[in-house]
Amino acid sequence: MKHLLSTAGLPRATAVGLLDTAERMSEVEHREIKKLPVLRGRTVVNLFFEDSTRTRISFEAAAKRLSADVINFAARGSSVSKGESLKDTAQTLEAMGADAVVIRHASSGAAEQLARSGWIDAGVVNAGDGTHEHPTQALLDAFTLRRHRAAVAGTDPAGTDLAGMRVAIVGDVLHSRVARSNLWLLTTLGADVTLVAPPTLVPVGAGGWPARISYDLDEVLDGGVDAVMMLRVQAERMQAAFFPTAREYARRWGFDAARLAALDRAGAAGARAAAAETIIMHPGPMNRGLEIAAEAADSPRSTVLAQVRNGVSVRMAVLYHLLAGGPDDPSTGSAADAHLERTP
Ligand code: NCD
């Protein structure tokens, strides 16, 4: 694997290989010294043209746990604000020795352009491009779902698939790269996805996507789901009014305290398939009180912090596969295991 640009078209075997490597990588978290020597002498550049807290820190932690050198580049305060182009910026960074570039950009297609332009030789990881894709977020969400399913079934995550798992992706689908990347990846992995949103926040063309579309969150929850993935309302990408008021949005589309209580009641009564085990996901940053109530975000069903933790393992796996070989390359796939075994 040379780049990771999208989950659309990502082969199932590659995705599963990444998730399995991420399981191995997560073992490092429990060690006294949270470091593997596998990317020693390699340089990972975080090239962030859009604000980010957790994604940038997560890539940084992942690269450092693999012993790579990390250069963080934020567009604000750089020559980009003086009008330097993506091409010049990327070439400058490569001249400084970047082996991989992790890019976040407000324009859909920016990561692909960087990878395909021939401007640089480094591997490119898309850390979010406009409303298009955010593949590592989808991988960490799939990792979280797989662990959840394995925990419920008492099986090993590495041997567990997502076939038939029911996932509702709820809210601002229109502006969400997280929704798109998850839809493609979860479908590839066999999960059954329902998009739930106000009609104004369903993209034109979504009728052709491999998902059911619903405008009624309660109906979907009543039908029974294994996970609800709440999306952030992306106010910064909204030039118009997409819903009447924040209060109305929270009441109809938010995972509020009343919906949490209903789910807990159904779970306790065994009334609804999966209700006892339904998890509530959110990629962060959360608008508490809008798409998710504090009660839900802080409830035992919430996987918000597990997602953050899993993000580091998944990004370690991605950087490892990009820079040291991976599932497309069986000879290096086992090298990961050898490294993990040799390193205390
Ligand atoms: C997501 C993003 O930036 O697309 N956040 C993240 O990566 N943790 C989702 C969002 O901002 O709503």
Side-chain angles (χ1 to χ4, degrees), residues 4-8 22 46-63 72 74-76 102-112 124-145 167-186 195-198 201 203 227-238 242-243 246 249-250 253-255 280-292 296-297 302-319:
L4 178 65
L5 304 175
S6 60
T7 58
N46 283 325
L47 182 56
F48 277 62
F49 293 90
E50 243 191 13
D51 292 342
S52 163
T53 312
R54 72 207 78 214
T55 304
R56 191 188 57 69
I57 291 173
S58 181
F59 270 107
E60 182 171 354
N72 287 314
R76 206 173 293 159
V102 177
I103 178 174
R104 167 167 289 196
H105 201 286
S107 301
S108 299
E112 172 124 18
V124 175
V125 182
N126 182 5
D129 62 327
T131 59
H132 177 232
E133 283 244 20
H134 190 357
T136 57
Q137 179 69 42
L139 284 162
L140 77 87
D141 289 334
F143 183 93
T144 304
L145 284 163
V167 182
I169 301 181
V170 185
D172 186 359
V173 177
L174 180 63
H175 300 105
S176 178
R177 53 200 178 201
V178 173
R180 287 173 182 74
S181 282
N182 262 295
L183 174 59
W184 314 134
L185 180 64
L186 294 178
L195 302 173
V196 189
L201 290 174
V228 245
M229 194 179 284
M230 304 308 297
L231 301 171
R232 183 173 65 86
V233 173
Q234 312 242 324
E236 78 278 20
R237 296 188 214 280
M238 294 184 187
F242 286 88
F243 46 85
Y249 184 93
W253 315 107
F255 207 103
I280 303 168
M281 309 175 76
H282 193 300
M286 294 184 276
N287 294 309
R288 282 173 183 255
L290 186 54
E291 72 268 1
I292 189 166
S302 166
T303 58
V304 173
L305 293 176
Q307 287 167 269
V308 174
R309 210 173 309 116
N310 295 341
V312 178
S313 307
V314 162
R315 289 172 178 125
M316 287 171 79
V318 169
L319 291 173

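In listed order, ligands and their atoms are each counted from 1.
In this structure, atom 4 (O) of ligand 1 lies nearest to the protein heavy atom Arg177 NE, 2.7 Å. The single protein non-hydrogen atom nearest to atom 11 (O) of ligand 1 is Arg232 NH2, 3.0 Å, given as residue, atom name and distance. Counting protein heavy atoms only, atom 5 (N) of ligand 1 is closest to Gly284 O, 3.0 Å.
Residue contacts with ligand 1, taken as heavy atom pairs separated by less than 4.0 Å, involve Pro285 solely via side-chain atoms from C-beta onward. No part of Glu50 comes within 4.0 Å of ligand 1, judged by heavy-atom distances.
Note on ligand 1: Pro283 sits in its first shell, one or more heavy atoms being nearer than 4.0 Å.
Short contacts between ligand 1 and Thr55, defined as distances under 4.0 Å to a heavy atom of the residue, involve ligand atoms 6 (C), 7 (O), 8 (N). If you number the atoms of ligand 1 from 1 as listed, the ones under 4.0 Å from a heavy atom of Val178 come out as 1 (C), 4 (O), 9 (C). With ligand atoms numbered from 1 in the order given, ligand 1 contributes 8 (N) to contacts under 4.0 Å with heavy atoms of Arg54.
Note that CD1 of Ile103 and CD of Glu50 are 10.5 Å apart. Values are rounded to the nearest 0.5 Å.
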**Request:** Evaluate the criterion side-chain contact (heavy atoms from CB on, under 4.5 Å) for residue pair Thr136 and Leu4; output intermediate values, then yes/no.
**Result:** CA-CA 8 Å; Thr136 57; Leu4 178 65; 3.9 Å; yes
**Request:** For the pair Val228 and Met281, evaluate side-chain contact (heavy atoms from CB on, under 4.5 Å) and give the outcome as yes or no after the intermediate values.
**Result:** CA-CA 6 Å; Val228 245; Met281 309 175 76; over 6 Å; no
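In this structure, Glu133 contributes its side chain and Asp129 its backbone to no donor-acceptor pair below 3.5 Å. In terms of modelled atom types and a separation under 3.5 Å, the side chain of Arg180 and the main chain of Thr131 share a donor-acceptor contact.
Taking the six-membered ring for Trp and thresholds of 30 and 60 degrees, Phe242 and His175 have ring planes more than 60 degrees apart, a perpendicular arrangement.
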